[in-house]
Amino acid sequence: MSKSAAVVNFSEEKYSVEIREIPVPEIGPDDILLEVENVGVCGSDLHQWTSDHSWPVNYPVVLGHEFGGKIASLGSNVSTWKVGDRVVSETAAIIDPMNPMSKVGLYNLDPTRKGFGYGVNGAMTRFVRVPARCLHSVPETLSFEEACLTEPCCVAYNAVVGNSSIKPGDRVIVIGPGTIGILCAAVAKICGAEVGIVGLEADKGRLGIAQQAYGCDPLVGEDATETWARKRDGMGADLIIDAAGVSATLQMAMKLVRPNGQITKVGWGPKPLNFSIDPIVQKNVRLQGSFSHNWPTWERVLALLTSGALNVKPIIGGVWPITEWKEAFEKMHHGDVVKSVLKPV
């Protein structure tokens, strides 16, 4: 097999991403070789492209960690899968099985964990090496364009269901109408919450998708957001999910959350806060981080995608060949689409 085009992030300098021809990876005894069908573009791919990320990157690296495809070949120890199987892959490419977190099934919290697209080569190419333990089966009824979004759905599911206390009838505010924010809102709706989603004037298109596809109330401006948060009894929202991550959104969350409520932070923001977090104490509020996902989350999300209870089609803004990665990145970066999907060439 000859070389394949890959989207490679080759240095820490801004915009250090280009198409390179790379050889088919060699696999070990516990790996499979996956022929990629589709790969989603994540906000973190954009952050590495614009070099405003806050995590270590193993340059040069092929980008992409939201992917699915068919098994092209098997390592000698792999007996539970066969060539041609339709699968998606988790992101934890390297974990230490002896780490205390891994031993309790929380390998996503193993501090030595390395993921596709920053720690090891990711899936924005035709073939990717994947440990067999990362695989989940994709039913024939679920397209790969949808299945490749299992990963961001798992991020949202873990934030809303795994790490937040949420009950039917709760008022939930999601800050940030990117992929993760909209999917968090969609999962909160499945849980029976009333959901408001906060964005800027420039986010009107994405807020419209959240409203039409998932029944969320779009909120632009401080007054509208505060009115929505306090509408029921003046106390604020039961749960605020910060999917934007910048300092100002945590400050907003502390203002809008009701006493004894919860703030779940799933968005990253490397800048200092420059304000007091005493309202968390005063209001007796729980501030919860949420990172990544693990095996049971993937199985549950695949069930929701397969049944149609969680529909990701409305957020897919288009499918581009890998060679047109830049247009796909820019469309997402400028907020023209919620999610760009790539296809190998």
Side-chain angles (χ1 to χ4, degrees), residues 149-150 152-199 203 206-245 249-250 252-267 279-280 283-291 293 296-297 300-305 307-315 338-339:
L149 301 193
T150 307
C153 291
C154 288
V155 171
Y157 187 95
N158 197 33
V160 176
V161 180
N163 286 316
S164 303
S165 169
I166 186 167
K167 298 184 291 299
D170 279 353
R171 299 273 283 180
V172 175
I173 288 179
V174 178
I175 306 173
T179 302
I180 299 301
I182 292 177
L183 290 173
C184 282
V187 173
K189 288 293 285 189
I190 293 171
C191 295
E194 296 172 29
V195 181
I197 185 162
V198 180
D203 296 321
R206 296 190 292 185
L207 291 170
I209 291 170
Q211 182 178 29
Q212 289 151 22
Y214 303 111
C216 305
D217 295 330
L219 303 169
V220 176
E222 273 187 50
D223 291 348
T225 305
E226 183 146 10
T227 300
W228 195 95
R230 303 193 188 283
K231 184 179 176 190
R232 194 178 283 169
D233 61 4
M235 290 283 100
D238 299 283
L239 169 66
I240 314 260
I241 295 167
D242 180 0
T249 54
L250 179 60
M252 179 197 281
M254 292 193 303
K255 183 181 176 187
L256 299 177
V257 70
R258 70 191 291 109
N260 208 37
Q262 179 176 345
I263 300 166
T264 298
K265 189 165 158 50
V266 66
I280 288 169
K283 285 183 165 183
N284 200 93
V285 165
R286 183 159 130 227
L287 175 60
Q288 170 78 43
S290 186
F291 178 66
H293 31 65
T297 306
R300 188 54 54 96
V301 165
L302 278 162
L304 289 170
L305 290 171
S307 73
L310 180 57
N311 178 15
V312 291
K313 283 182 197 159
I315 67 166
V338 178
K339 174 63 73 175

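Here N284 contributes atom CG and N260 contributes atom CG; the two are 5.0 Å apart, rounded to the nearest 0.5 Å. Note that the OG1 atom of T225 and the CG atom of L219 stand 4.5 Å from one another [nearest 0.5 Å]. Between R206 atom CZ and I315 atom CD1 the span is 11.0 Å, to the nearest 0.5 Å. Rounded to the nearest 0.5 Å, atoms CG (L207) and CG (D217) are 11.0 Å apart. Taken from CD1 in I240 to OG in S164, the straight-line distance is 11.0 Å, to the nearest 0.5 Å. The distance from the CG atom of L149 to the NZ atom of K313 is 12.0 Å, given to the nearest 0.5 Å.
At a threshold of 4.5 Å between non-hydrogen side-chain atoms, the residues C191 and V161 count as touching. Here the side chains of V220 and D203 are not in contact, with every heavy-atom distance at 4.5 Å or above. Contact of the P279 side chain with the K255 side chain is not registered, since no non-hydrogen atoms from C-beta on lie closer than 4.5 Å. Two residues are said to be in side-chain contact when any heavy atoms from C-beta on lie closer than 4.5 Å; I166 and V172 meet this criterion. Side-chain contact between L287 and L250 is present, with at least one heavy-atom pair separated by less than 4.5 Å. Side-chain atoms of Q212 and P314, non-hydrogen and from C-beta on, never get closer than 4.5 Å to each other. In this structure, L305 and T150 have side chains that are in contact, with non-hydrogen atoms separated by less than 4.5 Å.
Counting only distance, with no hydrogens or angles, the side chain of Y214 and the backbone of V187 share no donor-acceptor pair below 3.5 Å. For K189 (side chain) and C216 (main-chain N/O), no donor-acceptor pair under 3.5 Å exists by modelled atom type. The backbone N or O of R171 sits less than 3.5 Å from a side-chain atom of D238, completing a donor-acceptor pair.
For the 3.5 Å distance criterion, the side chains of Q262 and T264 qualify, holding a donor opposite an acceptor.
Environment of CZ in R230: crowded, with over 12 heavy atoms of neighbouring residues, nucleotides or ligands closer than 6.0 Å.
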Go through the steps to decide whether M254 and K283 satisfy the test side chain to side chain contact (heavy atoms under 4.5 Å, CB included), and finish with yes or no.
CA-CA 9 Å; M254 292 193 303; K283 285 183 165 183; 5.9 Å; no
One pair to check against side chain to side chain contact (heavy atoms under 4.5 Å, CB included): Y157 and L304. What are the steps and the verdict?
CA-CA 10 Å; Y157 187 95; L304 289 170; 3.9 Å; yes
Pair D233-R258, side chain to side chain contact (heavy atoms under 4.5 Å, CB included): steps then yes or no
CA-CA 10 Å; D233 61 4; R258 70 191 291 109; 2.7 Å; yes
Give the C-alpha distance, both sets of side-chain angles, the deciding distance and a yes or no for side chain to side chain contact (heavy atoms under 4.5 Å, CB included) between L256 and I173.
CA-CA 9 Å; L256 299 177; I173 288 179; 4.2 Å; yes
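A210 approaches I182 most closely through the heavy-atom pair CB-CG1, 4.3 Å. Closest non-hydrogen pair, L310 versus A186, comes out as CD1-CB, 3.9 Å. Considering every non-hydrogen atom in both S290 and N163, the closest pair reads OG-ND2, 2.8 Å. When every heavy atom of I197 is checked against every heavy atom of G176, the shortest pair comes out as CD1-O, 4.2 Å. Of all heavy-atom pairs spanning V195 and A188, the tightest one is CG2-CB, 3.7 Å. Across all their heavy atoms, G181 and V174 have their closest contact at O-CG1, 3.4 Å.
Take D223 and apply the salt bridge (Lys or Arg N to Asp or Glu O under 4.0 Å) test, not counting sequence neighbours, and it matches no residue. Checked against side chain to side chain donor-acceptor pair (under 3.5 Å), N158 has no partners two or more places apart in sequence or in another chain.
Each of I180, L183, V301 was checked for a side-chain contact (heavy atoms from CB on, under 4.5 Å) with V155, and the lone residue meeting it is I180.
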